[in-house]
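Below is one structure, written out as structure tokens; the observations come after it.
In what follows, chains carry the letters A, B, and so on, assigned in the order in which the sequence lines appear, proteins first and then strands, with residues in each chain numbered from 1. Note: hydrogens, waters and symmetry copies are ignored here, and every other heavy atom, side chains too, is used. Predicted model, so just to flag it, every value in this text is computed and none were measured.
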Amino acid sequence: MVDQFQPNAEAAGEFRAKIVAKAAPAEGAGAADAQKATGWGTIQGTIVVVGAPPKPGVVLINKDLEVCQPGGHPVVNDNLVINPSGGGLANVAIFAQGLKGENVHESAVAKKGSEVSFDQKTCLFLTHVATIQVGQKLKIINSDPISHNTLIRGNPEFNQTLSPGQAVMYEPAKPMTAPAGVACSIHPWMSAYLLPRDNGYVAVTNPEGKFEIKNLPAGINLKLQLWHEALKEYGGVEINGQKQPLSRGVLPIKIEPDKTTTLEIKIPASAFPAS
Amino acid sequence: MGKFWSFVFFLVPVLGVGLFVVAMNFHSLPLLNHWFPEDVSASGHVIDQLFMTILVLTGVVFVATEVCLAFFLWRYDAKANRDPVRYMHGSHTLEVVWTVLPAATLFFIAIYQMNAWADAKIRQPKDAGVIVEVRGRQFEWRFRYPGPDGKFNTPDDIHWDTDLHVPVDEEVLVHLKSEDVLHSFFLPNMRVKQDAVPGMMIPVWFRPTKIGSWDLVCAELCGWGHYKMRGRITVQSRADFDAWLVEIANKQHATQADATATADAAKPAK
Amino acid sequence: MTTHIFNSRVALTLAGLVLALGILGCAAPPPKFRPNLVQAKTAGAEKVTLASTPEVDLPTPDKAPVAGGKDPNAALEQAYGMKLSDDAGKAVIESVVADKPAASAGLMWGDVITSINGSSISDRPAAVKALLEQATWGKPMKVKVDRQQGQQIANLLLAVFGTPDHPERVSADGSPDPTLLKSFGFDIDKLQVSAGRVYSEQSGRQHGLYRLHCAHCHGISGDGAGPTAAFLNPYPRDYRQGKFKFKSTLGAEKPTHADLMRILTDGVPGTAMPSFRILPENEREALVEYVEYLSVRGETEIKLIDRAARGETIPTPAELAGGGPLVPDAEGNVTEPQDENNIVAGVVYTWRMADKKIVAPVAPSEEMTKWLAGEMPKNADGSPASADSPAEKRRLASLARGQAMFYGTAANCFSCHGDSQLGDGQTTDYDFWFQWRKSLDTKPAADRDKVIAEFEALGALPPRNIKPRDLRAGVYRGGRRPLDIYRRIFSGINGTPMPAISVLPAGAAPDPKKGVTTQEIWDLVHFVKSLPYQPLSQPPEQLEALREHQIQ
């Protein structure tokens with residue numbers, strides 16, 4: 001296996017020649033023939049898990065019990081939240097890749113400096129998958145009577161202590177193509193995700209598994225990225241009754257202007273590893 | 001053929017003595033000063049003298065033994081002596097001689113070195129000019145000076161490593177400790193070598209007599225990294241030593257990135 | 001006589017064996033540089049070799065391209081937005097244009113076309129024929145490719161960085177070309193004396209410094225997994241993540257050159273990292289430069305692997321090495337590369353800007369400076385001041401404030417360092433280097449062990465929890481200067497769970513619920529520095545002495 005990765009001096013020499021020649025990328029990259037939106041449309045839909053999903057485990061809470069385990073009830077791991085009626089899958093991030101410039105509707109760009117709040121209570125992040133646009137500020141709040149620290153493995157990285165009731169601001173510097181992990185080192189079971197994007201074409205499914213993205217550019221090839229923390233395999237996905245394996249969760253789609261495209265996405269329970 | 005081996009064995013004492021003579025007399029190639037390293041301590045000459053005494057004693061015995069060996073090989077070569085082997089009881093007198101002689105010699109050495117031993121290991125100096133804690137650890141030497149209050153384990157202790165600074169012409173008292181495994185604190189130029197034992201504090205003392213910089217090594221053999229514990233001992237005048245202590249204490253107590261640090265921070269121009 | 005012959009035979013055999021071993025030793029192949037397979041698995045790649053054979057639906061235009069003639073690449077570019085490599089032999093896609101059919105279908109540069117519409121393609125002419133002459137215009141065609149991104153990444157690294165043994169050797173014939181590394185601001189002379197095998201010149205100049213002093217722990221490519229690494233606790237640093245704990249810069253910023261020099265010169269007490277004070281300064285400088293080089297190389301590799309593992313295309317050689325040169329101007333500034341494909345320049349940029357991110361603490365009061373240096377308040381005659389003298393009262397008040405902060409909610413130190421300050425608070429977390437292990441926490445134990453074994457098979461060290469520091473031991477890994485401890489508290493420790501303290505904005509009124517003022521941090525530093533000297537922290541011999549003292 002190691003051998004497969006050993007560099008090939010000849011190939012590297014060719015690469016080097018290209019670096020030295022500063023081979024310009026193929027001319028006209030995206031400029032002249034870039035696709036232009038013919039209007040704006042909406043995508044809405046539901047993500048449902050079919051079959052018996054693995055049972056979520058119970059979180060081991062070993063400190064600050066009176067705050068983190070109110071009433072002494074066991075706390076269930078929130079990495080796979082499936083609606084008992086209907087099987088809607090919560091906390092799936094759906095976002096459109098690679099949309100820029102004129103293909104972004106003005107309503108999809110948040111006001112610079114506006115705040116998105118991100119709260120934690122009873123040692124749980126209240127938003128499990130949070131989204132934010134570059135230019136916005138994440139207001140991290142601690143609503144617990146004990147201290148937390150919030151560690152965001154994004155760009156820039158952030159790790160700061162929050163005393164009870166305190167709020168601090170975090171500003172993402174760059175959009176990311178997959179959510180960054182958010183953790184609390186004091187309470188290692190706390191886990192959430194933050195997805196910084198450069199536009200608002202992003203949604204997270206609610207507890208019923210529903211999502212909606214408005215004002216997407218119509219008439220061009222869209223790439224809709226699905227992301228769920230426990231989901232690595234998108235081979236068994238069924239969309240609107242048809243089997244459509246998604247390569248790494250990317251759904252290519254074209255929508256029509258002024259119309260609402262509905263997606264019924266079904267994911268077999270077997271796609272989730274037991275946890 | 002048998003006599004050949006007696007020549008070979010005869011060469012051992014001849015070459016052995018020759019090697020010592022050359023090493024002592026020619027501080028040059030090919031022996032590159034592999035005789036004693038320069039002695040820069042007040043008591044080193046005592047150790048050297050003991051070494052020479054024992055070297056002469058053992059040298060005489062060594063040469064005599066080797067000559068005997070060669071002689072016996074020559075004289076009793078199997079080819080020249082076809083007579084059957086005879087057993088004899090031996091000589092009572094001879095046995096008494098070769099028991100009493102070494103015993104007397106060893107007794108002499110034991111008495112003769114007693115004072116040197118006491119000076120090096122027992123008579124701890126009361127007037128130590130500097131006390132320094134030396135800790136061996138895998139794999140480096142770390143030092144601690146007691147700071148202005150003269151006591152260890154107070155917040156003004158001064159920490160340092162690798163390059164042991166001491167003042168010249170003053171007794172240096174080392175509190176030798178180990179943080180993990182056996183180490184061996186070895187100052188060749190001070191004629192000091194002492195194992196550092198985990199869980200023990202072993203006092204070691206010496207008095208450097210010359211300003212300069214010499215080797216500090218770990219003479220512990222077992223373990224893969226002791227050879228990497230190379231250090232220095234820097235002997236300074238009292239004034240230089242005091243100034244140095246103040247300088248590293250100030251660095252250790254720094255609360256601000258000082259001017260030199262900021263200058264360091266700027267990457268050298270490329 | 002037979003015995004003599006036998007003996008000479010033995011001697012001859014032995015001599016032959018020694019000779020053979022010597023020759024073998026000289027002719028030994030150059031070391032292999034283990035690729036970062038752990039990262040590929042951490043990033044969730046389907047195969048850690050990042051090799052795949054995807055089949056895509058390549059849309060075709062409605063009618064045949066008009067461009068072309070003798071150069072099929074022009075036609076291919078017009079029709080699909082891609083070019084094939086000019087070399088005879090395999091049909092290698094040399095480049096694809098963003099948003100054109102080939103790119104949209106998911107074809108990437110470097111892919112080798114192996115079949116089109118089910119019929120296998122063995123060489124370039126066959127691919128050209130199938131794509132241009134046999135296409136049914138308007139209907140997509142099935143294109144199957146062989147994609148070896150792991151191999152591509154290895155080749156790219158060699159093209160940009162050479163090997164860790166020969167940073168300057170990049171081409172197939174091994175001829176040196178240091179211009180690229182120089183354009184990123186690396187000092188090639190320093191890299192050369194650090195890299196490669198150990199030998200010294202007649203003049204005494206030592207070469208192979210890294211192998212001589214560092215490689216046995218930090219690994220030959222800086223992966224922190226050298227032969228002795230598994231026996232050390234903590235493990236040696238893996239430079240490839242580009243994360244360093246003990247530094248003067250804020251948060252997750254890179255360390256400065258001076259920071260790495262400091263670590264190398266002073267060592268890291270409490271770890272296996274010794275001091276290299278005894279090495280001449282030029283050798284230490286060279287090693288620091290080389291560590292930066294290994295770190296940039298490793299971080300580039302990780303970023304490439306992350307992209308490939310996500311199923312994205314990796315930058316072309318020109319894109320990867322573009323964005324330079326990154327030589328600092330008179331004020332030490334460099335321009336940030338804007339194209340995120342310029343990975344090397346992007347990583348080097350963060351290193352070159354580290355000097356601008358240094359945490360410079362607010363100056364403590366004069367009195368505090370003395371306390372931090374271990375100078376206790378004294379009476380006029382030099383005797384220690386009693387507890388009710390005003391100076392001593394102020395000192396004790398500062399310690400009490402520090403202690404209150406330690407247990408308070410703003411600093412919240414106790415929740416990890418423990419109520420006793422022995423570092424026994426939160427001991428089940430993992431640091432950045434074991435994130436892959438932390439993500440397994442929610443799995444059942446049996447699955448976890450299986451995955452851990454898989455990671456270890458790829459070269460990961462057995463995972464260990466990160467333990468908060470025992471503050472009573474008096475061992476400070478990042479340095480014992482009050483300045484160091486201030487920086488640890490102020491900006492946290494990068495890569496570890498240690499967070500930055502919440503600092504109130506300058507000029508804000510003190511409010512222990514909201515955070516601390518920068519001056520208050522000094523109280524906390526004062527308290528932390530006093531802990532090892534409390535009677536509770538002292539070794540038994542001191543307790544003995546204390547007892548004797550009391551008896552007297």
In Å, rounded to the nearest 0.5 Å, how long is the span from [atom1] of [X] to [atom2] of [Y]?
X      : Y      : atom1 : atom2 : result
C:T409 : A:Q166 : OG1   : CD    : 8.5 Å
A:S191 : C:K438 : OG    : NZ    : 8.0 Å
A:I146 : C:S415 : CD1   : OG    : 8.5 Å
A:L151 : C:T496 : CG    : OG1   : 8.5 Å

Any sub-3.5 Å donor-acceptor pair from [X]'s side-chain atoms to [Y]'s backbone N or O?
X      : Y      : answer
A:N159 : C:G251 : no
C:Q426 : A:I186 : yes
C:D429 : A:P188 : no
A:R16  : C:D177 : yes

Atom group of [X] that falls short of 4.5 Å from chain C, counting heavy atoms:
X      : result
A:E229 : neither
A:A183 : side chain
A:P164 : both

- Closest-packed option against chain C by number of heavy-atom pairs under 4.5 Å, given A:K223, A:H187, A:R153: A:R153
- Item | Greatest number of heavy atom pairs closer than 4.5 Å to chain C - which of A:V58, A:V168, A:L162, A:T177 | A:T177
Heavy-atom distance under 4.5 Å to chain A: side chain of [X], backbone, both or neither?
X      : result
C:A105 : neither
C:E253 : neither
C:L156 : both
C:T163 : neither

- Query: In terms of side-chain geometry, is the basic nitrogen of A:E157 or C:K254 positioned less than 4.0 Å from the acidic oxygen of its partner?
  - Reply: no
- Note on the structure: Exactly one candidate in C:I489, C:N412, C:V516 meets side-chain contact (heavy atoms from CB on, under 4.5 Å) with A:T161; the answer is C:N412
Restricting to non-hydrogen atoms, name the atom on [X] and the atom on [Y] that form the minimum distance, rounded to 0.1 Å.
X      : Y      : value
A:N8   : C:Q151 : N-NE2, 3.7 Å
C:A159 : A:A12  : CB-O, 3.4 Å
A:S147 : C:A410 : OG-N, 4.4 Å

- Query: Looking at C:Q152, C:E340, C:M82, C:K243, which has the largest count of heavy-atom pairs under 4.5 Å with chain A?
  - Reply: C:K243
- Task: Report yes if the side chains of A:K18 and C:T316 come closer than 4.5 Å at any heavy-atom pair, otherwise no.
- Result: no
[X] atom [atom1]: more than 12 heavy-atom contacts under 6.0 Å:
X     : atom1 : value
C:E46 : CD    : no
C:K90 : NZ    : no
C:E94 : CD    : yes

